[in-house]
Amino acid sequence: MSARPLIVRTGAFGDVVVLTTLIHLLSARYGSPVDVVGADAWTEALLADDPAVAEIHLLTSRNTPYALNPSQWRVARWLRRRGRGPVYMCDNHPRLLALLRRGGVREEDMVRRPIEDEAPEAPIRLWPDRWLDMGMRDPVSPFPTHAVDAQAYRLPSLVLGDAARQEYRRWKQAKGLRGPLILLQPGNKRTHKRGTVATRQHPKFWPPESWAALADAIWQDLPDAQVLLCGSPQERSVLEEIRVAAGNDPRMHNLGSELPIPRLLALIEDAHSMVSVDTGPAHAAAALACPLVVMFGHASPLKWRPLGPGKVLVLRGERGDQSEVRDLSATQVISAWRSAVAGDPHSS
């Protein structure tokens with residue numbers, strides 16, 4: 001009987017970063033790397049260099065019926081070949097549970113995330129703490145484990161390979177980037193999926209003029225700093241609005257088409273600091289110990305706050321769940337950024 005654990009989690013970018021808490025805990029408990037079933041290419045890109053991860057298998061959709069989804073067929077075949085082991089079911093989605101049964105996974109081998117954890121009356125907790133509780137539970141089947149201190153694995157962490165660092169250094173040299181690198185992450189996949197109009201209506205929207213004021217303050221403190229606008233190719237036009245608002249200063253760069261995930265992680269690892277809305281790259285910055293200021297809107301920091309070994313400062317408006325990022329003034333964010341980098345060796 002194989003005791004290699006399996007995690008099923010079809011999450012977004014930030015969800016996968018936070019999942020490293022559970023991955024590293026289970027790897028230590030079972031004395032084995034962990035298999036992962038996830039969604040989208042970012043799962044593989046984020047976890048590919050982590051020695052605590054064995055095999056990664058991706059689903060293109062968990063909602064599409066099995067008969068119409070070849071990725072589910074492939075995962076089911078792999079599960080049947082894989083044999084038994086503890087399965088940590090992080091998504092209690094009916095089609096995912098059905099897929100596991102098609103792959104021969106037994107109910108007694110599974111640990112499911114408690115459904116009551118998502119009940120309205122449940123206490124609000126950070127995701128790493130939820131994963132620690134789940135990771136210390138055992139399936140009914142008796143798989144051997146080691147005694148561990150769960151709290152030692154509370155902070156999400158990412159592992160970056162030498163190939164990604166070398167590629168990043170070549171790119172950085174070709175771009176001529178010198179001096180402190182400050183990263184600004186204005187949006188996420190939901191903020192911009194319908195373009196600029198949706199962006200301005202979204203609770204995570206912060207005006208280009210505010211981002212420009214932040215950049216001006218950064219250059220007051222660090223005249224040689226390069227301010228790098230980070231985002232996806234779909235966000236490039238929105239990033240360009242910020243660059244224009246900053247007067248097309250040559251020290252500001254729109255990287256909306258230049259940041260595949262391995263390069264983004266190497267950039268974050270190398271960066272002086274980051275200011276971000278609540279989104280996946282903010283979780284990566286926290287995990288990689290990049291000094292971070294993160295701005296929250298409706299979502300509660302008590303549930304979604306990034307954690308990591310570095311300094312993380314969280315800002316939110318005074319309206320609770322009705323807060324929007326636009327409620328925050330440039331003065332507030334500038335003050336938080338200065339606090340986040342105080343004492344940082346790169347800040348002078």
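Being a predicted model, the structure only gives us computed values, none of them experimental. For the single chain, residues carry numbers from 1 onward in sequence order.
In this structure, a donor-acceptor pair under 3.5 Å is absent between the side chains of H57 and D35. Under 3.5 Å, the side chains of S141 and R106 contain no donor-acceptor pair of N or O atoms. Between the side chains of D15 and H283, not a single donor N or O lies within less than 3.5 Å of an accepting N or O.
Residues S300 and R305 fail the side-chain proximity criterion, which asks for heavy atoms closer than 4.5 Å. In this structure, T21 and W127 have side chains that are not in contact, with every pair of non-hydrogen atoms separated by 4.5 Å or more. A 4.5 Å side-chain heavy-atom check between F296 and S323 finds every atom pair outside the cut-off. Using a 4.5 Å cut-off on side-chain heavy atoms (C-beta onward), L100 and L79 make contact. Y168 is not listed as a side-chain neighbour of L160, based on a closest heavy-atom distance of 4.5 Å or more. Taking the side chain as every heavy atom from C-beta outward, F13 and D40 never approach each other to under 4.5 Å. K172 is listed as a side-chain neighbour of L181, based on a closest heavy-atom distance under 4.5 Å. The shortest side-chain heavy-atom distance between V18 and P128 falls under the 4.5 Å cut-off.
What you find for I56 and A48 is that their closest heavy atoms are CD1-N, 4.4 Å. When all heavy atoms of M274 and C290 are compared, the closest pair comes out as N-SG, 3.8 Å. In this structure, C230 and P186 approach most closely via the heavy-atom pair O-CD, 3.4 Å. Pairing each heavy atom of A336 with each of L313, the nearest pair is O-CD1, 3.2 Å. Between A39 and L58 the shortest heavy-atom distance is N-CD2, 4.2 Å. Nearest heavy atoms, V341 versus P291: CG1-CB, 4.4 Å.
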Problem set entry | Pair R130-K303, side-chain contact (heavy atoms from CB on, under 4.5 Å): steps then yes or no | CA-CA 10 Å; R130 300 176 187 217; K303 183 177 181 180; 3.5 Å; yes

For this session: Step by step, work out the side-chain contact (heavy atoms from CB on, under 4.5 Å) result for M295 and V275.
Result: CA-CA 8 Å; M295 298 182 281; V275 179; 4.3 Å; yes

For this session: Apply the test side-chain contact (heavy atoms from CB on, under 4.5 Å) to residues L158 and V17: give CA-CA distance (whole Å), side-chain angles for both, the deciding distance (0.1 Å), then the verdict.
Result: CA-CA 7 Å; L158 293 169; V17 175; 4.3 Å; yes

Exercise. Is there a side-chain contact (heavy atoms from CB on, under 4.5 Å) between V37 and L96 once you walk through the steps?
Worked result: CA-CA 10 Å; V37 170; L96 290 178; 5.8 Å; no

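With values rounded to the nearest 0.5 angstrom, L228 atom CG is found 11.0 Å from L239 atom CG. Note: T331 OG1 to L214 CG = 10.5 Å, rounded to the nearest 0.5 Å. Rounding to the nearest 0.5 Å places CZ of R326 at 10.0 Å from OG of S210. We find the CG-CG distance between L259 and L267 to be 6.0 Å, quoted to the nearest 0.5 Å. Note that the CG atom of L46 and the CG atom of D49 stand 10.5 Å from one another [nearest 0.5 Å]. In this structure, the separation between CG on L19 and OG1 on T43 is 8.5 Å, given to the nearest 0.5 Å.
Under the 3.5 Å distance criterion, the side-chain polar atoms of Q185 are matched with a main-chain donor or acceptor of G187. With hydrogens and angles disregarded, a donor-acceptor distance shorter than 3.5 Å links the side chain of D50 to the backbone of A52. Within the 3.5 Å criterion, the main-chain N or O of P223 finds a donor-acceptor partner in the side chain of R251. The backbone N or O of T64 sits nowhere less than 3.5 Å from a side-chain atom of N69 that would complete a donor-acceptor pair. At distances below 3.5 Å, not a single donor-acceptor pair connects side-chain atoms of W131 with backbone N or O atoms of T20. Under a 3.5 Å cut-off, the side chain of R316 and the backbone N or O of G297 do form a donor-acceptor pair. Counting only distance, with no hydrogens or angles, the side chain of E241 and the backbone of V238 share no donor-acceptor pair below 3.5 Å. For R113 (side chain) and N92 (main-chain N/O), no donor-acceptor pair under 3.5 Å exists by modelled atom type. Using a distance-only test at 3.5 Å, with no hydrogens or angles considered, no donor-acceptor pair links the side chain of T10 to the main chain of G38. For the pair Q72 (side chain) and S61 (backbone), a donor-acceptor distance under 3.5 Å is present.
In summary, D138 and R29 engage in a salt bridge, as defined by a charged side-chain N under 4.0 Å from a carboxylate O. Salt bridge annotation for R165-D162: present, with a cationic side-chain nitrogen under 4.0 angstrom from a carboxylate oxygen. Look at E107 and R112 and you find a salt bridge, because one of the NZ, NE, NH1 or NH2 atoms lies within 4.0 Å of a carboxylate O, short of that distance. Between R82 and E55 there is no salt bridge, since no side-chain N of the basic residue sits under 4.0 Å from a carboxylate O of the acidic one. Taking 4.0 Å as the cut-off between side-chain N and carboxylate O, R170 and E167 do not count as a salt-bridged pair.
Relative ring orientation between W211 and W206 is described as perpendicular, the plane-to-plane angle rising above 60° on a 0-90° scale split at 30° and 60°. Ring orientation note: the planes of Y30 and Y88 are nearly perpendicular, at an angle over 60° on the 30°/60° scale.
Hydrophobic clustering keeps I23 apart from V8 (ILVMFWY residues linked when any side-chain heavy atoms are closer than 4.5 Å, directly or through intermediates). Residue V34 is not grouped with residue L59 when hydrophobic side chains (ILVMFWY) are merged at heavy-atom distances under 4.5 angstrom, including chains of intermediate members. Under a hydrophobic-cluster definition in which Ile, Leu, Val, Met, Phe, Trp and Tyr are linked whenever side-chain heavy atoms come within less than 4.5 Å, directly or via other members, V105 and W78 are assigned to the same cluster. Transitive grouping of hydrophobic side chains (ILVMFWY, heavy atoms separated by less than 4.5 Å) brings I268 and V294 into a common cluster. Hydrophobic clustering (side-chain heavy atoms under 4.5 Å, transitive across Ile, Leu, Val, Met, Phe, Trp, Tyr) keeps V111 apart from L6.
Counted within 6.0 Å of CD on E108, heavy atoms from surrounding residues, nucleotides or ligands total more than 12; the atom is thus considered enclosed.
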Atom pairs and distances, side-chain donor-acceptor, residues 148-156, under 3.5 Å, sequence neighbours left out:
from	atom 1	to	atom 2	distance (Å)
D149	OD1	Q151	N	3.2
R154	NE	D129	OD1	2.6
R154	NH2	D129	OD2	3.0

